[in-house]
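Inspection log for the structure reproduced underneath, given as structure tokens.
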Amino acid sequence: MKNILIVLLGPTGVGKTDISIDLAALFNCDIISADSRQLFREMSIGTAVPSDNQLNTIKHHFIRFLSVEDYYSASLFERDVLDLLPRLFSRNNIVLMSGGSGLYIDAVCNGIDDIPDVDPVVRDKYISRYKEEGIEGLRVALKILDPEHYARVDLKNYKRIMRALEICETAGRPYSSFLKKQKRKRDFRIVKIGLERTRDDLYNRINSRVDNMVKAGLEEEARLLFKFRNLNALNSVGYREFFDFFDEKISREKAIELIKRNSRRYAKRQITWWGKDKDIRWFQPERVQDIIEYISDSVIAVN
RNA sequence: GGGGAGAUACCAAAGCGGCCAACUGGGGCAGACUGUAAAUCUGCUGGCGAAUGCCUUCGUAGGUUCGAAUCCUGCUCUCCCCA
């Protein structure tokens with residue numbers, strides 16, 4: 001096990017991109033982006049993809065390789081990354097994965113259970129059931145189809161219930177029967193590095209980054225994607241708020257304000273997500289030198 | 001100078017004698033989350049406490065009352081109208 005996957009994570013706006021470029025240049029490795037929105041080629045300003053310059057210096061994977069109309073998921077990401085890694089490791093025993101999508105990172109590090117794909121017809125069926133009967137209708141159905149999961153899910157979260165129902169119906173057996181929750185063994189070492197800042201610092205950076213995105217033409221980008229507004233990829237901070245502005249539901253100023261707030265909230269959720277992961281070693285972004293040392297020590301420990 | 005309106009927790013804003021530590025919204029904080037995850041959902045938000053609870057609040061100083069954010073008086077400040 002002399003191959004190492006360095007995972008650089010942290011909330012939006014901490015400064016992952018710049019550091020990942022520096023680290024990749026130093027260790028001469030590629031970067032795997034673990035970001036569920038940078039996947040899409042039609043989106044770039046609002047998703048803060050690395051600059052052209054950065055993309056030209058370091059080889060990035062999983063950035064802008066899909067269309068917003070394509071389906072993608074954490075498990076596909078796991079599969080694709082695991083397919084790619086052997087090739088990257090054959091050139092260098094270090095690979096850097098950088099991103100903020102916790103579930104995607106989790107899928108690569110620990111694996112995600114095999115669950116059948118959902119039949120779109122079934123999905124539509126439950127969506128309309130939700131529309132007609134509300135969450136109560138979904139609960140009733142789940143209680144019958146999967147009492148075990150019913151006892152455990154957040155019964156106020158319709159997406160959770162819906163997903164379970166979809167699986168129950170397409171698979172013909174309870175959703176809970178698929179959840180093994182076993183960590184997959186990987187044939188490479190994983191070193192998780194988290195970037196952290198004080199809350200004030202982070203929020204200030206997020207706020208001004210949004211201003212910069214707007215200056216860079218976020219509104220125009222959103223306008224071009226307006227027609228895709230119902231696609232999941234566009235249910236993203238920075239776009240949905242502008243869509244509401246285009247619909248004249250809110251003012252432009254309000255939209256920008258909400259983008260900032262929602263970005264802050266997103267960052268908070270990311271921090272909560274990683275809070276319980278004891279394997280993460282946290283660093284202030286200014287301490288790049290410490291990060292480099294930490295990585296070097298890990299490499300030595302492996303060899 | 002004269003007349004009127006108002007001062008409520010981080011902000012906005014209800015409450016107008018007891019059910020008020022105080023509706024609601026915003027902001028914030030904390031958390032959940034195995035497939036749409038930049039999504040979806042939950043709790044908390046005067047202080048102390050695990051909790052029954054206790055302590056300090058509704059500009060400020062007094063007063064009325066068994067009891068006041070709510071009524072009365074003085075003071076301070078803000079806003080509006082007339083001059």
Side-chain angles (χ1 to χ4, degrees), chain A residues 10-13 16 33-40 43-49 66 68-80 99-118 120 123-124 126-127 130 135 138-139 149 152-167 170-171 175-184 199-200 202-203 206-207 209-210 213 218 222 228-242 254 257-277:
Chain A
T12 17
K16 294 184 292 292
S33 161
D35 187 304
S36 71
R37 298 296 128 134
Q38 292 183 359
L39 298 167
F40 304 107
M43 301 160 79
S44 60
I45 297 173
T47 54
V49 288
L66 292 174
V68 290
E69 296 180 89
D70 293 328
Y71 170 80
Y72 207 66
S73 73
S75 81
L76 292 177
F77 184 68
E78 175 193 12
R79 184 201 66 193
D80 292 345
S101 298
L103 187 63
Y104 279 40
I105 291 173
D106 240 42
V108 170
C109 295
N110 304 316
I112 193 164
D113 290 316
D114 284 323
I115 297 174
D117 288 333
V118 175
R123 171 159 292 175
D124 289 343
Y126 284 107
I127 288 173
Y130 176 57
I135 197 159
L138 298 181
R139 284 184 195 144
H149 199 247
R152 234 176 323 163
V153 258
D154 177 354
L155 291 172
K156 291 186 174 159
N157 192 329
Y158 75 93
K159 285 212 174 187
R160 289 279 140 60
I161 303 180
M162 225 185 267
R163 157 122 261 252
L165 286 171
E166 290 164 1
I167 299 302
T170 48
Y175 174 64
S176 53
S177 69
F178 291 100
L179 302 181
K180 310 220 167 43
K181 300 204 174 215
Q182 278 179 341
K183 279 197 176 185
R184 298 279 169 79
R199 205 52 70 82
D200 279 353
L202 216 214
Y203 284 3
I206 287 173
N207 292 160
R209 186 168 77 162
V210 170
M213 285 176 175
L218 180 57
F228 295 122
R229 59 183 316 191
N230 292 317
L231 298 175
N232 176 253
L234 276 309
N235 187 190
S236 304
V237 177
Y239 299 88
R240 53 197 328 211
E241 296 86 357
F242 263 120
K254 184 70 182 172
E257 196 181 297
L258 288 175
I259 292 171
K260 291 177 183 173
R261 184 198 70 182
N262 293 337
S263 299
R264 275 179 253 134
R265 290 182 171 177
Y266 170 49
K268 173 58 182 70
R269 270 178 272 130
Q270 290 174 298
I271 292 168
T272 298
W273 175 276
W274 289 308
K276 60 198 165 195
D277 189 339

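Residue numbers start from 1 in every chain, and the chains themselves are labelled A, B, ... in the order their sequence lines are given, proteins ahead of strands. These numbers come from the heavy atoms of this one structure, side chains and all, not from hydrogens, waters or symmetry mates.
Between B:U60 and B:A51, the distance separating the two C1' atoms is 37 Å to the nearest Å. B:A68 and B:U56 are spaced 14 Å apart, taking the P atom of each and rounding to whole Å. Across B:A14 and B:A7, the matching P atoms stand 8 Å from one another, rounded to whole Å.
Between the A:Glu166 side chain and the A:Tyr126 main chain, no donor and acceptor come within less than 3.5 Å of each other. With A:Gln38 contributing its side chain and A:Ser33 its backbone, the two residues share no donor-acceptor pair below 3.5 Å. When atom types are taken as modelled, the side chain of A:Lys268 and the backbone of A:Pro11 share no donor-acceptor pair closer than 3.5 angstrom. In this structure, the side chain of A:Ser101 engages the main chain of A:Ser36 through a donor-acceptor pair within 3.5 Å. The closest donor-acceptor contact from the side chain of A:Lys260 to the backbone of A:Val210 lies at 3.5 Å or more, if one exists at all. Between the A:Arg123 side chain and the A:Val118 main chain, no donor and acceptor come within less than 3.5 Å of each other. A donor-acceptor pair is defined here as one N or O able to donate and one able to accept, closer than 3.5 Å; no such pair exists between the side chain of A:Tyr175 and the backbone of A:Arg163.
In this entry the distance linking CZ of A:Arg264 with P of B:A30 reads 14 Å, nearest Å. In this structure, A:Ile105 atom CD1 and B:U34 atom P are separated by 15 Å, rounded to whole Å. Going from atom CD1 of A:Ile112 over to atom P of B:C33 covers 14 Å, rounded to whole Å. A:Leu202 has its CG atom 12 Å from the P atom of B:G28, to the nearest Å. Between A:Asp277 atom CG and B:C33 atom P the separation is 13 Å, expressed in whole Å.
In this structure, A:Asp70 reaches neither bases nor backbone, as no heavy-atom distance under 4.0 Å exists between it and the strands shown. Looking at heavy-atom distances under 4.0 Å, A:Phe40 makes no contact with the nucleic acid at all. Within 4.0 Å (heavy atoms only), A:Asn110 reaches no atom of the nucleic acid at all.
In this structure, A:Ile259 and A:Met213 have side chains that are not in contact, with every pair of non-hydrogen atoms separated by 4.5 Å or more.
Between A:Lys276 and B:G31, a side-chain N or O to OP1/OP2 separation shorter than 4.0 Å is absent. Using a 4.0 Å cut-off, no side-chain N or O of A:Arg152 falls inside it from OP1 or OP2 of B:U34.
In this pair, A:Phe77 and A:Tyr72 present their aromatic rings perpendicular. The plane angle is above 60°, beyond the 30 to 60° band.
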Heavy-atom contacts, protein to nucleotides 36-46 of chain B, under 4.0 Å, summarised as B (base), S (sugar-phosphate only) or - (none) per nt, yield BBBBBBS----
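Paired runs in RNA chain B that reach 3 or more consecutive Watson-Crick or G-U pairs, where each pair keeps both distances under 3.5 Å, cover B:1-7 with B:76-82, B:10-12 with B:24-26, B:27-32 with B:40-45, B:46-48 with B:53-55, B:59-63 with B:71-75.
With RNA chain B read from its 5' end, the first of the two nearest nucleotides for A:Lys181 and A:Leu258 is the one closest to A:Leu258.
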